[in-house]
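Values below: every heavy atom of this structure, side chains too, minus hydrogens, waters and symmetry copies. The structure displayed is predicted, hence computed values, not measured ones.
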Amino acid sequence: MSEHGQQDALLVAPAPAQHRVTGDGVANPVARVLLDSGVPHLDRLFDYLVPPELDVAAAEGVRVVVRFGGQEVHGWVWQRAETTTHTGRLAPVRRVVSDLPVVPERTRRLVEAVAARTAGTRSDVLRLAVPTRHATTERAVRSTHTEHTEHTGHPHRPSRPEARPTGWGAYTGGAELLDAISDGHAPRTVLTALPGREGVLEDWESLLAQAVQASLSGGRGALIAVATTAQAELLAERLSAALDGEEVLVLSAEHGPARRYRVFTRLLLGHARVVVGTRAVVFAPVMDLGLAVIWDDGDDRLDEPRAPYVHARTVLALRSGLEHCALLIASRTRSVEAQSYVLQGWARDLEAPRPLIRATVPRIEVPGDSELDREGAGGRARIPSLAHRALRQALDRGPVLVQVARSGYAPVVVCATCRAVARCRACSGPLSMGRSGEASCRWCGRSGAGWACPHCGGEQLRMAGSGSVRTGDELGRAFPGVPVVVSGTRADHGVVATVDRRPRLVVATPGAEPVAEGGYTAVLLLDGAVLSARPELGASSEALRRWANAATLARQDARVILLGSPDLAVSQALVRWNHAGFAADELRERLELELPPAVRCARLDGPLPAVEAYLAAAKARGWDVLGPVRAPEPAAQPTRAGAPAPERVRALVRVPLAQGRELAEALRLQARERSVHREDPVRIELDPTVLW
């Protein structure tokens, strides 16, 4: 066994010379193995000897077991070669877990690209890309594959469907986009999709089905990434119906290891060409990938919360270049990151003509101070009198949607004396209150009994905000006899998928709005300032995304009313339906403030001495450093020896876009060096959505 790889910062001596290995008739007797380990300094290839009996099975991309550090360790054969740098005897590969190459060359190249961009390890990326093996499922799928191949002489390949006239012609350049996909080209496009209107414009599911059909007509496959499993299943049903029986698979971790591995294996063997799934689907081994789509890329559920902390949009952007496939970033709004692709000239903006926007988007109103003042005392209520009148009129024609920023009954509780936000004594999480009046922590669930204000000593609590459940109760009293449906978290009775045409009040949190048959007759957007004025990076863009997604559920003749003192720039972008313009303004502001995606930025979290070591190296290169400051986490627990743990801090390192690759590589090498010396690790996240 020996380490094999390029010389890095840890090695100052020249790399050892390569020499040929004789392997008892084995053409390439050296297996260069990547260990299944998240330890940074082990993210390199180690050389093992391939015994003659494993020559065929130990192919590139298969999972093997090797001896390392005195114990058996799983890994992947990354390369087969005939030379090694090791001067002694190579240890043999112990066994092959399965001869199925679960990490084909295209996946290995993508894994390496993602690890390099995120300053992570390849093993962490593989954890996302390759599901846990399910032996019984693998045997069943491979048996089906073998039987079909023996019978037909080739894996299952459905006939190419012919491209048909589509609704993409309504968008400027839409027809040309489908032609390019069908002809085998790799255009990169950002689409702001309008709501579907019968006789005017097809809905987004139909547009995606037509784009997938264009890829299939060119003999290539397609994948679509969405935020939730429910969205993936519904979209797969629509695609199957629209693609004349073409099988559409769904890949999601929520389906369990057996089903997830079955879908993965079938794609790997070429049994299907179309897959829809959640964020890990971006690594799906689709053969001859021609089209990669991500829907609603601004949804934070498409951002991987564990190492390597990579967004699905970033993975697809890398994959489009590596596999020469078309990339479509589509949503109701425009994320700042997608707009940056357009302004850099890397992707094309697919625009809808203004007359089409006016014909499909409902009327959106944002009552001003003068209009609310004319309503008298009722104009300053959370749901003013003008909104009550609009709801009564709309309920005569069908269901009405009321979007609420927070779930629960009273999601914010404050001290009754000084109005300070009440927090849990155990974990510092915010307290909330239920219908019964009992307070509890929203983070750890502990009871708030016996709470005392640390600022004034007060012991009484009062509600400072209304959640979806409380809003539903209030509307139920205001509109007696009208059914009220609450959709949101499990505490809010769960997510409701659809409602019929009958009049009812539907109260939902963002992302949990049911689809109404025929559309809502009115949409009320509450708590505007709660969403648009949060002190977070991207808060205004997220508010616009949530409001726009709700507005597109309304009929074209419906009224959409935005309340709650929203940010002026955000509300005007919604009224004008100018999402690309708003994203461009946001990007210019971030450029002035030197914030991502206008710059490459790394967030470092860890013990103070460890973070300071990273910052010292960054300063030596002339990079911009912010911090360190105390990390927004609960207080550290004492160590086993009884001494307090080092203070955990957070810092940022910023560089121009042109130096982004250099930043990622420097952080990656520094993490390896600290790992070699068993120093405290630091959590590294490139281009984070949350800075502080």
Test item: Leu327 and Ile329 side chains (from C-beta on) under 4.5 Å apart, heavy atoms: yes
Side chain to side chain, His311 and Leu302, heavy atoms closer than 4.5 Å: yes
Side chain to side chain contact (heavy atoms under 4.5 Å, CB included) between Val62 and Leu100, worked out: CA-CA 6 Å; Val62 306; Leu100 183 68; over 6 Å; no
Heavy-atom closest pair, residues Leu268 and Pro101: CD2-O, 3.6 Å
Any side-chain donor near an acceptor of the partner, Tyr261 and Glu138, under 3.5 Å: yes
Any donor-acceptor N or O pair under 3.5 Å, side chains Ser182, Ser217: yes
Val141 side chain near Leu269 side chain, heavy-atom distance below 4.5 Å: yes
Heavy-atom donor-acceptor pair, Arg555 side chain to Tyr520 backbone, under 3.5 Å: no
His579 and Trp577 aromatic ring geometry - parallel, tilted or perpendicular at 30°/60° bounds: perpendicular
Heavy-atom closest contact (Leu316 atom, Ile294 atom, distance): CD1-CB, 3.9 Å
Heavy-atom donor-acceptor pair, Asp183 side chain to His185 backbone, under 3.5 Å: no
Closest heavy-atom pair and its distance - Val523, Ala550: CG2-O, 4.0 Å
Closest approach of Pro510 to Ala405 (non-hydrogen atoms, all atoms of both residues): CD-O, 3.9 Å
Side-chain (Arg106) to main-chain (Pro285) donor-acceptor, under 3.5 angstrom: yes
Exam field: side chain Thr118 to backbone Val114, donor-acceptor pair closer than 3.5 Å: yes
Approximate separation, where rounding is to 0.5 Å, of Thr189 OG1 and Ile181 CD1: 6.5 Å
Worked check of side chain to side chain contact (heavy atoms under 4.5 Å, CB included) between Arg259 and Arg262: CA-CA 5 Å; Arg259 181 175 173 183; Arg262 180 183 299 110; 4.1 Å; yes
Side chain to side chain contact (heavy atoms under 4.5 Å, CB included) assessment of Leu110 paired with Val315: CA-CA 8 Å; Leu110 179 61; Val315 178; 4.1 Å; yes
Student check: side-chain heavy atoms of Ser331 and Trp204 closer than 4.5 Å: no
Any donor-acceptor N/O pair, Ser335 side chain to Ala338 backbone, under 3.5 Å: yes
Ser215 side chain to Gly221 backbone, donor-acceptor under 3.5 Å: yes
Side-chain donor/acceptor of Arg122 to backbone N/O of Val111, under 3.5 Å: no
Test: Arg332 cationic atom under 6.0 Å from Trp547 six-membered ring centre, within 45° of axis: no
Atom pair CD (Glu351) and CG (Leu356), whose distance is rounded to the nearest 0.5 Å: 12.0 Å
Heavy-atom check, side chain of Gln403 versus side chain of Glu513, under 4.5 Å: yes
Worked check of side chain to side chain contact (heavy atoms under 4.5 Å, CB included) between Leu223 and Arg319: CA-CA 12 Å; Leu223 70 81; Arg319 189 169 183 178; 3.4 Å; yes
Lys/Arg N to Asp/Glu carboxylate O, Glu247 vs Arg266, below 4.0 Å: yes
Arg279 with Asp300: basic N within carboxylate O range, under 4.0 Å: no
Mutual orientation of the aromatic rings belonging to Trp346 and Tyr341 [parallel < 30°, tilted 30-60°, perpendicular > 60°]: tilted
Distance-minimising heavy-atom pair for Val64 and Val96: CG1-CG2, 4.1 Å
Derivation of the salt bridge (charged side-chain N to carboxylate O under 4.0 Å, His left out) call for Arg397 and Asp557: CA-CA 11 Å; Arg397 300 182 293 148; Asp557 59 350; 3.5 Å; yes
Distance, nearest 0.5 Å, that separates CD of Glu105 from CG of Leu322: 10.5 Å
Cationic N near anionic O, under 4.0 Å, Arg545 to Asp296: yes
Side-chain heavy atoms of Leu251 within contact of Val276, under 4.5 Å: no
Side-chain ion pair, Arg273 and Asp288, N-O less than 4.0 Å: no
Contact check, side chains of Ile224 and Leu239, non-hydrogen atoms, under 4.5 Å: yes
Pair Arg238-Ser206, side chain to side chain donor-acceptor pair (under 3.5 Å): steps then yes or no: CA-CA 8 Å; Arg238 290 287 303 273; Ser206 297; 3.2 Å; yes
Heavy-atom check, side chain of Leu587 versus side chain of Pro597, under 4.5 Å: yes
Backbone N/O of Gly167 and side chain of Glu202: donor-acceptor pair under 3.5 Å: yes
Side-chain donor-acceptor contact under 3.5 Å, Gln213 with Glu246: no
Pair Arg109 + Glu112: basic N to acidic O under 4.0 Å: no
CD1 on Ile357 to CZ on Arg576, rounded to 0.5 Å: 12.0 Å
Shortest non-hydrogen contact between Thr137 and Ala258, atoms and distance: CG2-O, 3.6 Å
Polar side-chain atom of Glu60 near backbone of Arg80 as donor-acceptor pair, under 3.5 Å: yes
Donor-acceptor under 3.5 Å (Arg108 side chain, Trp78 main chain): yes
Polar contact flag, side-chain donor to acceptor under 3.5 angstrom, Arg334-Ser541: no
Ion pair check, Arg117 and Asp687, cut-off under 4.0 Å: yes
Reported OG1-to-CG distance for the pair Thr333 and Asp297, which is rounded to 0.5 angstrom: 7.5 Å
Nearest-0.5 Å distance, CD of residue Glu586 to CG of residue Leu544: 9.5 Å
